[in-house]
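Written below as structure tokens is the structure these notes are about.
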Number of protein chains: 2
Amino acid sequence: MASSTVENYLKHVYLIGQTSDQDLVAMGQLATAMEVTPGTATSMIKALSDAELVRYEPRAGVALTPQGEKLALHVLRRHRLVELFLVNVLGLSWTEVHAEAEELEHAISDKVLERIDTYLDHPSVDPHGDPIPPATGVMDTPTLASLADCPLTQPTRIARVLDQDPGFLKFVDRSGLTPGRGVVVQHRDPAADAVTITPDSQPPVTLGTHAASKILVESE
Amino acid sequence: MASSTVENYLKHVYLIGQTSDQDLVAMGQLATAMEVTPGTATSMIKALSDAELVRYEPRAGVALTPQGEKLALHVLRRHRLVELFLVNVLGLSWTEVHAEAEELEHAISDKVLERIDTYLDHPSVDPHGDPIPPATGVMDTPTLASLADCPLTQPTRIARVLDQDPGFLKFVDRSGLTPGRGVVVQHRDPAADAVTITPDSQPPVTLGTHAASKILVESE
DNA sequence: ATTCTGATTTTGATTGGCCAAAATAAAAAG
DNA sequence: CTTTTTATTTTGGCCAATCAAAATCAGAAT
């Protein structure tokens, strides 16, 4: 059985791997994500390599083996189904369920997990719009534009928010930019590094390009 | 923060203390319950004693301090609310939720716990009839007779089953002796060490005195 | 009162996960 | 092509939780 520490390492290797174009995850990034010192990450990754869960190239980085990826996706499935359950059934705010799920993702059995999946009618995304890996088969992760690069003046819909910080999510929530809401990107001002958006039936908001790039949209 | 190991030690000290008339729990019983060697229990209990969570009397045994009891009851509250939630909401069998709850009881935040409590409308007992400690205030644990010692031929109701073994619980379930069901104790045969019971609208069952003593009833 | 027995405690060692700080290698800058 | 910077790895050590096995104690039996 993989400890929750092992599960977390694998999960972070997967997540960093997703958001980077390199095929190897640098040890430093992993250590930062795991909130451990670099040396700790190195020794842990060596152990995971011995267990065939990752491929480790000293001084270059680390990548998941098929086994490691399977485990990482299983953890992610638990995390995201738990988040959705906490929001849809127990009424917690989507802005704060991430932290709750960080604990529960290691404590839920397969049996309970599949009951939750059934209860929620086999959902495909969590409250942040993050795709839920299926129990078997491959997860589809559509390529989405962000508020920082999608076409202007077109009606679009918020599909996914790529940040779990409650402060940021509460801002997103207040501004009417929650997943599912319709929005129109009014204009961009590169000099000011700013994007102005009009969410459906809400006042316009202006946000910085960096924040805008974390909010993904799909065309209507 | 108490680790799940610490929580488990405290929980077991509490549970053993409940089912025994001694006011000190013997180290050996605790070690058996925790499935560790006696020496491990001794050193852990010393640490808990330093943390003021238990009162430890060398070679005599251990008891919870008020702080330790508070923590133990909090763990038990999580355990039992989770069990009921798994049965009532996710439809798991009451015969198998104990093991699930053993993990989840350490992973659930207070916020989620109170949502569950609200969702279930502040229940007072779990699926086995075990009382759920309230968030604040004192838990009432009524003294109940068992099938081994209650009056004969009187209509009574199954109130509580004092065993978490799925094998035993499945037998109880099949026999129609689940909490809430009405039963009549027909007669007892001390020579045969047996008790014969007729559950409402089910065929009579005969069980050994030991098994009968683990099934508690309340008068109708 | 002494011996035996069973429970308990002690001792020494292990494992998983972590840190601090020194050593090393690779990349960037000169 | 050397030097400096920066990332990574190594080393030595710590803490929580555990075990095996030896030592100790208390109560029971003689």
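Note: hydrogens, waters and symmetry copies are ignored here, and every other heavy atom, side chains too, is used. Protein chains get the first letters and strands the later ones, always in sequence-line order, with residue 1 at the start of each.
Scanning residues 99-107 of chain A for heavy-atom distances under 4.0 Å to DNA chain D yields an empty list. Taking a 4.0 Å limit (strictly below) on heavy-atom distances, residues 51-62 of chain A reaches DNA chain C at A:Arg59.
Direction change of the helix axis from one end of the helix from C:dA1-D:dT30 to C:dG30-D:dC1 to the other is 10°, with five pairs defining each end axis (rounded to 10°).
Contact annotation: the side chain of B:Leu84 approaches that of B:Pro127 to within less than 4.5 Å [non-hydrogen atoms, C-beta and beyond]. Looking at B:Met44 and B:Val6, their side chains come closer than 4.5 Å, going by heavy atoms from C-beta outward. Side-chain contact check for A:Arg78 versus A:Ile116: every heavy-atom pair is 4.5 Å or farther apart. No side-chain heavy atom of A:Ile108 sits less than 4.5 Å from a side-chain heavy atom of A:Phe85. B:Asp110 places a side-chain heavy atom less than 4.5 Å from the side chain of B:His74.
Rounded to the nearest 0.5 Å, atoms OH (A:Tyr56) and CE (A:Met27) are 4.5 Å apart. To the nearest 0.5 Å, atom CD of residue A:Glu114 and atom CG of residue A:Leu81 are 7.5 Å apart.
At a cut-off of 3.5 Å, with distance as the only test, a side-chain donor of A:Glu100 or B:Ser109 sits close to an acceptor on the other residue. Remark: the A:His79 side chain and the A:Asp126 side chain contain no N/O donor-acceptor pair separated by less than 3.5 Å.
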Please list every donor-acceptor pair under 3.5 Å in which a side-chain atom of residues 134-146 of chain B meets a protein atom from a residue at least two apart or in another chain.
{"unit_1": "B:Ser146", "atom_1": "OG", "unit_2": "B:Ala148", "atom_2": "N", "d": "2.9"}
{"unit_1": "B:Ser146", "atom_1": "OG", "unit_2": "B:Asp149", "atom_2": "OD1", "d": "3.4"}

With a 3.5 Å cut-off and sequence neighbours excluded, list the donor-acceptor pairs that the side chains of residues 159-166 of chain B form with protein atoms.
{"unit_1": "B:Arg160", "atom_1": "NE", "unit_2": "B:Asp130", "atom_2": "OD1", "d": "2.7"}
{"unit_1": "B:Arg160", "atom_1": "NH2", "unit_2": "B:Asp130", "atom_2": "OD1", "d": "3.3"}
{"unit_1": "B:Asp163", "atom_1": "OD1", "unit_2": "B:Asp165", "atom_2": "N", "d": "2.7"}
{"unit_1": "B:Asp163", "atom_1": "OD2", "unit_2": "B:Lys214", "atom_2": "NZ", "d": "2.7"}
{"unit_1": "B:Gln164", "atom_1": "OE1", "unit_2": "B:His128", "atom_2": "NE2", "d": "3.0"}
{"unit_1": "B:Gln164", "atom_1": "NE2", "unit_2": "B:Asp130", "atom_2": "OD2", "d": "3.4"}
{"unit_1": "B:Asp165", "atom_1": "OD2", "unit_2": "B:Gly167", "atom_2": "N", "d": "3.2"}
{"unit_1": "B:Asp165", "atom_1": "OD2", "unit_2": "B:Phe168", "atom_2": "N", "d": "3.0"}

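Across B:Val195 and B:Leu147, no two heavy atoms sit closer than the pair CG1-O, 3.6 Å.
If you take CD1 of A:Ile45 and C1' of D:dT8, they are 13 Å apart, rounded to a whole angstrom. Taking atom CG on A:Leu30 and atom P on D:dT9, their separation rounds to 11 Å, with Å as the unit. One can place CG of B:Leu48 at 12 Å from P of D:dA16, the figure rounded to the nearest angstrom.
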Pairs under 3.5 Å (N/O, protein and nucleotides 15-22 of chain C):
{"unit_1": "C:dG17", "atom_1": "OP1", "unit_2": "A:Ser3", "atom_2": "OG", "d": "2.6"}
{"unit_1": "C:dC18", "atom_1": "OP2", "unit_2": "A:Tyr9", "atom_2": "OH", "d": "3.3"}
{"unit_1": "C:dC19", "atom_1": "OP2", "unit_2": "A:Thr37", "atom_2": "N", "d": "2.9"}
{"unit_1": "C:dC19", "atom_1": "OP2", "unit_2": "A:Thr37", "atom_2": "OG1", "d": "3.2"}
{"unit_1": "C:dC19", "atom_1": "OP2", "unit_2": "A:Thr40", "atom_2": "OG1", "d": "2.9"}

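If you check every strand for non-hydrogen atoms under 4.0 Å, B:Ala26 touches sugar and phosphate atoms only. Nucleic acid contact for A:Ala47: none, since no nucleic acid atom lies under 4.0 Å from a heavy atom of the residue.
Sparse packing is recorded around CD of A:Glu35, with 12 or fewer heavy atoms of other residues, nucleotides or ligands lying under 6.0 Å away.
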